[in-house]
Structure formats: C-alpha cells, structure tokens
Amino acid sequence: MAAPVPPGPEVFDVVIFGASGFTGKYVIREALKFLPPNASPLRSLALAGRSRDRVAAALRWAAAPGPAPDVPILVADASDPASLAAVAARARVLLSCAGPFRLHGRQVAAACAEAGADCLDISGEPEFMERVEADLHEVAAKNGSLIVSACGFDSIPAELGFLFNSRQWTPPSAPVSVVAYVNLESDRKIVGNFGTFESAVLGVANANQLQALRRSRPRPAKPRIPGPPPPKGSLIEHDKALGLWVMKLPSADTVVVKRTLAKLTEHPEGLPGVDETSDFAAHRKEFWSSVKPAHFGVKISTRSILGLFWWLCTGLFIGILGGFSLGRSLLLKFPEFFSIGLFRKTGPTEEEVRSASFKMWFIGRGYSDSARASERGSKPDKEIVTRVSGPEIGYITTPIVLVQCALVLLSQRANLPKGGVYTPGAVFGPTDLQKRLEENGLSFELISSRTLPSD
C-alpha cells in the first residue's frame with residue numbers, strides 16, 4: 001500500500017507583500033476587518049516581507065489596541081526570486097505594497113504570473129505598469145494570473161469616477177472631455193508618503209525609457225470621440241463654478257484611463273469571464289455599452305491660488321533636478337525641503353492621516369445630441385458634473401480600495417478574465433466594486449447637469 005502523500009503548504013486567500021512598509025501596515029489593518037468571524041470571502045491571510053520582526057511589529061500596530069491575531073508571516077525579498085516564487089505559490093491573491101515599483105514590483109508580478117496567482121498592486125508609475133503588461137501579459141494569461149496595477153488612490157477613484165460620469169450621458173448625448181479636479185483637504189498640514197515622492201523622482205529620471213517602451217510597442221487602439229478635441233487651456237486656471245484654482249497635473253490616472261478606453265475599443269463588450277454566469281455576461285455587455293469614451297485629464301485644485309504654490313514648486317524641483325544623478329540624490333535626501341513640506345521621510349502622523357480627505361470633481365462637457373458633433377463650428381452644449389469623495393488618500397482610501405478589489409477577486413473570480421495584465425477599470429468596471437467602496441467610506445454623486453451657454 002502506497003504511503004499517503006503529505007499535504008503541501010497552506011494556500012492563503014490573501015498574502016500582503018511589503019507588509020511592514022508605510023502603506024503595508026495600513027493595508028494589514030484594513031484586511032483584518034474582514035477575517036472570520038466576519039462574513040466575507042477572506043478566510044485566511046498571511047503577511048510577507050524581508051524582516052519577520054518588522055512584519056510582526058506592523059501586525060501588532062495594525063491590531064492595536066487589541067492583541068495581534070495569529071496571522072502567518074512569510075519571509076520574502078524582492079531581490080530573491082526563489083523566496084518570491086515560494087510566496088506566490090501560497091497565494092490566491094497577492095497584494096503588492098512594496099514600492100517604488102520600478103525597483104521592486106516587476107519581480108513580484110513575475111512570480112505571480114508564473115505561479116498563476118492573482119496580483120494587485122498600488123503603483124502609480126506608468127513605465128512600471130506598461131512594462132509589466134509588455135513583459136508578462138502572455139504568461140499571465142496562459143497561467144490564469146490576473147495582474148492589475150493602480151489598485152489604490154492611483155487610479156481607481158479616477159477610473160470608476162470617469163466611468164460613473166460617462167454613464168450619466170444617456171443617448172443621444174455624448175461627452176467630448178472629462179476633466180478630474182483633485183482637491184486634497186485637511187485640518188492639519190497635508191503630508192505625503194516618501195515612496196510617492198521617490199517614485200515621481202525616478203519617473204522623471206527614466207522618462208526616456210517610457211517613451212522608448214511606447215515606441216517599441218504597437219499603438220493602442222484609438223477610441224472614437226465625437227467632435228474636435230478640447231483646447232489645452234492654461235497651466236493654471238480659476239473655476240468660478242467650483243470656486244477652485246486648478247493646475248494641470250501629470251498623472252498616472254490619465255494614462256490608466258486611456259489604457260482602459262483603448263481596451264474597450266478593442267473589446268466593445270468588455271473582457272469575458274473565465275466561467276461567467278449568463279446574468280453577469282449580460283450585465284457586462286450592458287455596462288460597457290453605456291460607457292462613452294472621452295478625452296480625459298487630471299488637475300490638482302485648491303481653494304486658494306497660494307495652495308498651488310507648494311505643488312508648483314515641488315513639480316519644478318523634481319523636473320529640474322530629477323534629470324541628473326546629483327539632483328536626484330539631493331531630492332531624495334531632502335524631500336521635505338524640495339517639496340516645501342508636502343513630503344517627508346517619516347510620513348504623516350496618525351492625526352494628520354485622520355484629519356485628511358479628498359474630493360474629485362469630474363467635469364464632463366459634450367453634446368446634448370452627438371449628431372451635432374459633426375456639424376461645422378458646433379461647440380459642446382452640455383455639462384455634467386459628478387464627484388467622488390473619501391478619506392485620506394494614501395493610508396485610508398488606498399487600503400480600502402485595495403482590500404475591496406481583493407474581495408471582489410475572491411468572491412467573483414469566475415466572472416473575471418482568466419488571466420493577463422489589465423487596468424483596474426477593464427477588470428472591475430462591471431463588478432460591484434463601486435457599491436463596495438460606497439459601503440466602506442467613499443461616495444459617488446451626480447452634482448449637476450446643465451446646458452452650456454452658446455457664447
């Protein structure tokens with residue numbers, strides 16, 4: 001009689017990689033809310049990082065003021081492919097929180113693609129996201145691994161906010177442009193994560209690599225948008241209706257939304273699920289048929305023009321100094337100085353996090369009858385304003401969004417694509433993710449719909 005085969009290592013519903021980092025410990029805290037006895041699809045959780053002691057300390061922090069639960073800790077390092085392979089083999093869904101992702105993220109995504117594990121990350125780095133798609137899409141699709149970047153504040157509020165605005169345009173109306181105005185609010189000083197600052201610096205340093213990558217790949221499909229593109233406008237403007245000063249912002253959100261619209265152009269009915277129900281297939285087709293493509297952009301906004309000063313100075317310092325090694329060294333050594341206090345290595349305090357919130361206004365402009373778009377000299381005559389709002393972006397909203405994406409994967413996996421590298425909107429657009437976010441602290445609102453003056 002053959003000896004019984006010993007059981008393999010336990011496979012966990014979710015593994016949080018980079019669990020001891022600034023954002024990772026907040027992701028732990030959010031995930032703990034959904035473990036048993038909570039009635040959620042998250043039945044088992046493990047944490048992974050380079051240092052067992054640091055991860056254990058992050059778990060204690062996340063569980064406070066109660067005792068730390070018995071959550072397994074796996075030791076893994078982004079520079080050690082074998083350790084990443086071992087972790088990916090034990091994960092149904094891996095949440096990747098260790099940035100900058102251009103330095104640490106690709107190895108994690110590659111391990112998941114090989115193992116057939118789903119991988120969600122919180123990157124806001126266009127080159128990383130597009131390189132992962134170029135390098136890993138085929139192997140991920142073959143092995144049944146869904147890899148989705150930008151599953152945090154970058155870029156799900158922007159993507160779902162765009163889709164929400166777009167779907168308000170009932171036929172025969174259609175948008176030409178949707179611009180998101182991001183307004184960060186706080187009773188205290190707003191302080192960003194050093195990792196975000198570092199990613200921006202490295203993005204400027206490697207801008208040529210991103211352009212070379214795009215030139216080396218097939219051009220993405222271009223959606224059909226009615227009418228001429230909107231004028232570029234000034235760098236800084238005042239929106240009287242909202243009472244906001246706004247400034248153009250180079251943003252991953254713009255890149256991600258454009259990639260989703262390109263995917264929709266290729267697949268007008270969306271991406272079919274690996275074993276989707278007939279009801280979901282019908283809903284998916286209805287959902288995507290109601291989405292109208294539009295030109296998209298992002299602007300940072302403040303109540304006072306002086307509020308733009310910090311963003312403008314930070315952008316100028318990064319743009320000027322980020323292009324050479326000594327400048328980058330200075331930026332990364334003294335982030336608080338070069339960002340006028342917007343970023344610091346220690347990150348925000350708990351009080352600063354609790355006092356912060358965000359609002360994103362989506363200003364959609366287009367035609368009340370899309371047939372008018374082809375008329376010579378016609379101008380947009382309709383405006384629809386929607387808003388997405390929620391708590392602090394980096395440590396509260398991002399963990400909420402990331403964990404809810406994981407719960408969607410765990411509960412609705414058959415309705416989602418078998419595998420591949422996609423944007424959040426392409427995967428989660430037709431799911432109940434928006435409803436889940438609304439139940440966990442975010443809101444989606446229709447603010448106004450009006451006819452534009454004819455000038």
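All values below come from the heavy atoms of this structure, side chains included, with hydrogens, waters and symmetry mates left out.
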I would like to know whether I236 and W245 meet side-chain contact (heavy atoms from CB on, under 4.5 Å); could you show each step before the answer?
-> CA-CA 7 Å; I236 296 176; W245 287 92; 4.1 Å; yes

Tell me whether [X] is salt-bridged to [Y], with the criterion being a basic N under 4.0 Å from an acidic carboxylate O.
{"X": "E138", "Y": "K142", "result": "no"}
{"X": "R131", "Y": "D135", "result": "no"}
{"X": "E237", "Y": "K299", "result": "yes"}
{"X": "K359", "Y": "E185", "result": "yes"}
{"X": "E133", "Y": "R217", "result": "yes"}
{"X": "D13", "Y": "R92", "result": "yes"}
{"X": "R29", "Y": "E350", "result": "yes"}
{"X": "R102", "Y": "E198", "result": "no"}
{"X": "E266", "Y": "K263", "result": "yes"}

So, taking the atom named [atom1] in [X] and the one named [atom2] in [Y], what distance separates them when rounded to the nearest 0.5 Å?
{"X": "R215", "Y": "Q211", "atom1": "CZ", "atom2": "CD", "value": "6.5 Å"}
{"X": "S301", "Y": "L184", "atom1": "OG", "atom2": "CG", "value": "8.0 Å"}
{"X": "I400", "Y": "I393", "atom1": "CD1", "atom2": "CD1", "value": "13.0 Å"}
{"X": "D187", "Y": "S355", "atom1": "CG", "atom2": "OG", "value": "5.5 Å"}
{"X": "I28", "Y": "S20", "atom1": "CD1", "atom2": "OG", "value": "7.5 Å"}
{"X": "T170", "Y": "Q168", "atom1": "OG1", "atom2": "CD", "value": "9.0 Å"}

Name the orientation class of the two ring planes belonging to F128 and F101 (parallel below 30°, tilted from 30 to 60°, perpendicular beyond 60°).
->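 If you compare the ring of F128 with that of F101, the planes turn out tilted.
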
Does a donor on one side chain and an acceptor on the other come within less than 3.5 Å for [X] and [Y]?
{"X": "S443", "Y": "S389", "answer": "yes"}
{"X": "S378", "Y": "R372", "answer": "no"}
{"X": "T431", "Y": "Q412", "answer": "no"}
{"X": "E159", "Y": "T260", "answer": "yes"}
{"X": "D121", "Y": "S96", "answer": "no"}

Write down the atom of [X], the atom of [Y], and the distance for their closest heavy-atom approach.
{"X": "Y367", "Y": "A373", "result": "CE1-CB, 3.6 Å"}
{"X": "P157", "Y": "V388", "result": "O-CG2, 4.1 Å"}
{"X": "F34", "Y": "E30", "result": "CD1-O, 3.3 Å"}
{"X": "P399", "Y": "G394", "result": "CD-O, 3.8 Å"}
{"X": "L94", "Y": "C112", "result": "CB-SG, 3.8 Å"}
{"X": "P424", "Y": "A150", "result": "CG-O, 3.5 Å"}

Ring pair (Phe, Tyr, Trp, His ring centres under 6.0 Å) between W61 and Y26, intermediate numbers included | CA-CA 9 Å; W61 178 92; Y26 283 90; 4.8 Å; yes

Residues V176, R365; criterion side-chain contact (heavy atoms from CB on, under 4.5 Å); working and verdict | CA-CA 6 Å; V176 174; R365 294 190 173 97; 6.0 Å; no

Would you say [X] and [Y] make side-chain contact, with heavy atoms under 4.5 Å?
{"X": "Y422", "Y": "L271", "result": "yes"}
{"X": "P69", "Y": "L32", "result": "yes"}
{"X": "C151", "Y": "F428", "result": "yes"}
{"X": "L202", "Y": "F197", "result": "no"}
{"X": "T277", "Y": "N415", "result": "yes"}
{"X": "I363", "Y": "V178", "result": "no"}
{"X": "R214", "Y": "E130", "result": "yes"}
{"X": "L74", "Y": "L47", "result": "no"}

Let me see the working for R284 and E269 under side-chain contact (heavy atoms from CB on, under 4.5 Å), right down to the final yes or no.
-> CA-CA 7 Å; R284 166 176 56 80; E269 295 183 339; 4.0 Å; yes

Within the distance-only criterion (no hydrogens, no angle test), does the side chain of [X] pair as donor or acceptor with the backbone N or O of [Y] below 3.5 angstrom?
{"X": "H283", "Y": "P430", "answer": "yes"}
{"X": "D239", "Y": "L244", "answer": "no"}
{"X": "D77", "Y": "R50", "answer": "no"}
{"X": "S145", "Y": "A117", "answer": "yes"}
{"X": "S370", "Y": "P172", "answer": "yes"}
{"X": "H104", "Y": "A98", "answer": "no"}
{"X": "S166", "Y": "F162", "answer": "no"}
{"X": "E276", "Y": "G273", "answer": "yes"}
{"X": "Q107", "Y": "L103", "answer": "yes"}
{"X": "T398", "Y": "Y395", "answer": "no"}

Verdict with supporting geometry, F343 and F194, ring pair (Phe, Tyr, Trp, His ring centres under 6.0 Å) | CA-CA 6 Å; F343 297 92; F194 173 71; 8.8 Å; no

Above 12 or not: heavy atoms from other molecules or residues under 6.0 Å from CG of N208?
->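 Counting other residues, nucleotides and ligands, CG of N208 stays at 12 neighbours or fewer.
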
Other residues, nucleotides, ligands: >12 heavy atoms within 6.0 Å of K248 NZ |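 Result for NZ/K248: enclosed.
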
List the steps and the verdict of ring pair (Phe, Tyr, Trp, His ring centres under 6.0 Å) for F358 and F153.
-> CA-CA 10 Å; F358 80 91; F153 182 75; 5.0 Å; yes

May I have the step-by-step check of side-chain contact (heavy atoms from CB on, under 4.5 Å) for N143 and V139, ending in yes or no?
-> CA-CA 6 Å; N143 293 336; V139 65; 3.4 Å; yes

Test: K382 cationic atom under 6.0 Å from W169 six-membered ring centre, within 45° of axis =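 Ring-cation test returns yes.
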
Please test R413 against D118 for salt bridge (Lys or Arg N to Asp or Glu O under 4.0 Å), starting from the C-alpha separation and ending with a verdict.
-> CA-CA 10 Å; R413 188 61 180 86; D118 293 336; 2.7 Å; yes

